[in-house]
Undergrad: 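Take this structure first; my questions come after.
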Amino acid sequence: MLRQYELVERVKAYDPDADEGLLNRAYVFAMKAHGAQLRHSGDPYFSHPIEVAGILTELKLDPATIVTGLLHDVLEDTTSTTEEIESLFGKEVEALVDGVTKLSKVEWSSETTKQAENFRKLLIAMSHDIRVLLVKLADRLHNMRTLHFVPGEERRKRIAQETMEIYAPLAGRMGMQAMREELEDLAFQELNPDAHASVTARMQFLRDQGGEIVRRISDLLKRTLAEKGLDAWVQGREKRPFSIWRKMEQKMISFEQLSDIIGFRIVTGSTDDCYRALGILHSTWRAVPGRFKDYISVPKNNGYQSLHTTVIGPEEQRVEVQIRSLEMHEIAEHGVAAHWGYKDRLDANDQARGSPYHFLRELVGILEHGGSPEEFLEHTKLEMFQDQVFCFTPKGDLIALPKGATSIDFAYAVHTEVGDTCVGCKINGRPMPLRTQLQNGDSVEIIRSKAQRPVPAWESMVVTGKARSAVRRFVRQAERDEFARLGKDIVERVFREAGYDPTDKALEAAATRFKLAKVPDLYVAVGRGTIVSAALRETLVPKEPSAKAKKPGFFRRKPAPAAGHANGNGNGHAIPIQGLVPGLAVHLSPCCHPLPGERIVGVVTPGRGVAVHTIDCVELERLHGEAERWLDLSWDKAAVDAAHLVGRLDIVLSNEPGALANLCAVIARHDGNISNLKITERSADFFEFLVDVEVNDVKHLNGIMAALNATSAVSTVKRVRN
Ligand code: MN
């Protein structure tokens with residue numbers, strides 16, 4: 001385990017201005033906070049954060065990041081608080097530690113690549129500061145190094161899988177090749193121990209056969225370059241078992257010779273020297289065709305730069321060579337993190353852009369959007385995923401949504417059918433309203449009901465185009481269906497009152513008169529009230545008697561004409577109300593709150609459908625002169641069951657302890673559900689308030705009123721009308 005002074009010395013070595021006191025305080029704090037906790041390895045727990053800090057010093061990161069490494073587990077695993085950390089180590093460290101803690105709470109469980117990609121985005125979105133990700137990667141690296149101590153094969157495999165699919169590619173995207181390769185290799189060992197063992201054994205065999213060959217080739221390369229006046233550093237480097245395995249899998253090849261496991265690296269002082277070194281190699285030995293790549297003039301998306309080539313080298317061996325400058329080398333090994341080493345040089349540039357981390361943020365930009373320098377600048381911010389939220393299904397699938405999205409958006413993102421039938425949701429296991437805005441990392445379970453249908457109010461609760469258009473489409477269609485159903489009843493009644501049969505032919509002719517293509521269009525127009533029944537009747541019974549002769553034959557008059565009702569209320573059956581979706585074709589009017597069991601009348605409002613009133617509603621008196629717009633309606637059982645019907649009560653209650661609780665209990669006992677409650681009057685002795693109670697029908701409401709009247713604290717109960 002890294003000693004306190006060793007850690008400080010390491011930081012001082014690359015950052016002489018580092019705040020020693022801060023590092024010392026954090027070291028001691030972590031040690032004390034973790035106390036006697038132990039790792040699975042049997043080591044004291046605090047050895048872990050200290051090793052993580054050690055890994056971060058290898059990346060030469062700033063003191064705040066090192067301190068975060070030391071403290072990264074104290075919020076999660078000890079009694080320490082964010083306030084404590086802020087007061088001892090400052091806001092910057094507190095924010096970083098908090099970020100790492102939050103990141104550690106999300107777990108990834110699905111196995112498809114697409115999910116993995118989304119999960120990486122989630123991690124990036126949640127890390128407001130790139131350093132949070134760097135600490136998380138260092139944390140994961142140390143946990144992988146000690147993975148074999150973790151009991152339970154399944155758990156080890158899960159962690160290794162997560163590392164292979166999430167963290168290693170993330171390190172790769174950030175250009176941290178060394179970290180990526182080590183993570184991959186450790187995960188490979190756990191996930192496929194047989195393959196790992198056989199690759200390792202084969203490597204050992206080739207190594208034994210080759211003997212001193214690596215050193216000999218290194219020396220020869222170095223000497224050849226030196227003879228042409230080029231000073232460079234040459235390194236023979238064994239490839240990692242996992243990268244060999246991947247190559248074998250992808251290219252279906254076996255590895256036969258040492259050159260398959262050893263690569264050589266030439267590190268020069270400048271970019272020019274890279275091309276010079278390449279020239280020397282190619283003029284000395286024969287290049288293998290198709291193996292030359294220039295990643296200096298065309299860098300990889302993660303910023304990687306090098307020249308790659310293979311030559312038939314000394315001793316007739318194929319020799320793979322990467323040529324790069326020292327700066328390229330640092331960036332290739334440590335990626336994003338390497339830029340801290342060049343901080344001084346970049347400072348002026350960064351300050352000009354207003355943020356000391358600007359450069360790092362840019363690099364994160366390339367994680368997801370590689371490509372041209374222009375694109376680079378466009379997508380450079382870490383905030384690029386800040387306008388998204390990432391949530392999980394109960395199975396662990398990740399759903400990406402725009403910021404501000406609600407559970408309804410989530411439901412529609414899962415599947416249109418799920419959206420259409422959602423009635424409620426649980427967020428992180430708790431029942432929440434559907435309109436709840438989702439947060440990063442929320443686990444969302446949608447509760448569905450076959451009886452549910454999208455309602456117009458949802459339109460204002462969603463932000464995704466998919467949800468909005470699905471709701472709109474559904475509402476529009478449902479509305480049309482309702483208008484058509486209603487219109488059909490009205491049209492047929494008008495026909496019968498005028499003494500005609502509503503035959504298909506007659507209906508088609510009527511539609512044509514109103515310049516409508518189809519009969520259903522006529523129904524919709526009549527239901528909507530854009531064609532009033534009087535106008536329809538006129539086409540059947542023209543005002544001028546002479547016109548009667550011209551009437552087409554298919555308007556066959558029934559032998560026994562039925563007399564029209566004086567108020568237009570119809571002579572036939574009352575029209576049943578169906579599909580009482582609020583805001584659609586039929587509305588229960590808020591003036592009298594009609595309930596099933598009461599006699600009702602519908603009033604057609606052109607373009608808006610039908611308002612339903614009770615037969616004794618005073619509002620109807622006002623509309624008396626317009627009997628033409630009245631419809632005789634009846635309650636449809638199925639529709640009523642699906643709707644939440646509200647009875648409004650005015651209750652005067654004595655102002656005594658427990659009175660209100662008592663009242664609620666009485667309503668609940670009679671299966672009434674209070675949907676709204678508003679105090680209108682309040683004195684020393686009495687409360688007066690309005691209560692909206694969801695009930696099945698008027699009988700149900702009357703039962704509740706009787707029970708309330710029998711309650712001692714209740715002085716009066718009245719049904720509210722108008
Ligand atoms: Mn940790």
Side-chain angles (χ1 to χ4, degrees), residues 1-2 4 7 10 23 26-59 61 63-82 84-85 89 93-109 119-120 122-124 126-152 155-168 170-171 174 176 179-180 182-183 186-187 190 337 441:
M1 187 175 62
L2 209 55
Q4 191 170 338
L7 183 75
R10 280 208 203 177
L23 291 164
Y27 192 103
V28 174
F29 185 89
M31 215 155 118
K32 278 192 184 154
H34 289 292
Q37 291 172 354
L38 292 179
R39 296 272 290 174
H40 288 299
S41 59
D43 288 334
Y45 193 92
F46 64 80
S47 66
H48 165 67
I50 287 161
E51 291 302 327
V52 170
I55 292 167
L56 295 167
T57 63
E58 285 163 27
L59 299 172
L61 292 167
T65 312
I66 307 299
V67 167
T68 304
L70 290 169
L71 302 177
H72 81 272
D73 273 335
V74 298
L75 289 181
E76 183 87 353
D77 298 337
T78 78
T79 54
S80 310
T81 62
T82 49
E84 221 175 323
I85 290 180
F89 304 101
V93 168
E94 185 273 324
L96 290 171
V97 172
D98 192 50
V100 180
T101 306
K102 282 194 180 120
L103 221 52
S104 302
K105 280 182 185 153
V106 291
E107 260 187 41
W108 178 81
S109 63
F119 195 88
R120 281 195 289 275
L122 168 69
L123 295 186
I124 294 167
M126 288 183 72
S127 316
H128 293 259
D129 189 315
I130 184 72
R131 292 174 296 175
V132 168
L133 270 183
L134 295 174
V135 175
K136 184 65 208 164
L137 285 171
D139 176 39
R140 177 50 62 123
L141 181 58
H142 184 248
N143 284 335
M144 286 305 292
R145 284 178 183 168
T146 52
L147 184 66
H148 54 284
F149 291 117
V150 174
R155 190 160 161 224
R156 282 199 307 273
K157 286 235 189 297
R158 187 183 61 72
I159 295 170
Q161 188 81 16
E162 195 180 69
T163 301
M164 189 64 102
E165 295 188 27
I166 308 294
Y167 292 100
L170 192 58
M174 294 168 77
M176 304 162 78
M179 165 120 26
R180 174 189 154 176
E182 188 175 352
L183 285 172
L186 291 163
E190 179 63 43

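Note that this is a predicted model, so its numbers are computed, not measured. Only this structure's heavy atoms are used, side chains among them; waters, hydrogens and symmetry mates stay out. We count residues from 1, following the sequence as given. We count ligands from 1, going down the list as the structure has it; atoms in each ligand are counted the same way.
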Undergrad: When you measure from the side chain of Arg156 to the backbone of Leu147, do you find a donor-acceptor pair of N or O atoms at a distance under 3.5 Å?
TA: no
Undergrad: Excluding sequence neighbours, so at least two apart, what forms ring pair (Phe, Tyr, Trp, His ring centres under 6.0 Å) with Tyr45?
TA: His34, His48
Undergrad: What is the name of the N/O/S atom of Asp73 that is nearest to the Mn ion (ligand 1)?
TA: OD2
Undergrad: Around Lys157, counting heavy atoms of other residues, nucleotides and ligands shown, do more than 12 lie under 6.0 Å from its NZ?
TA: yes
Undergrad: Given NE2 of His72 on one side and NE2 of His48 on the other, what angle do they make at the Mn ion (ligand 1), to 10°?
TA: 90°
Undergrad: Answer yes or no: is there a donor N or O on one side and an acceptor on the other, between the side chain of Gln37 and the main chain of Asp77, under 3.5 Å?
TA: yes
Undergrad: Report the atom name of the nearest N/O/S atom of Asp139 relative to the Mn ion (ligand 1).
TA: OD1
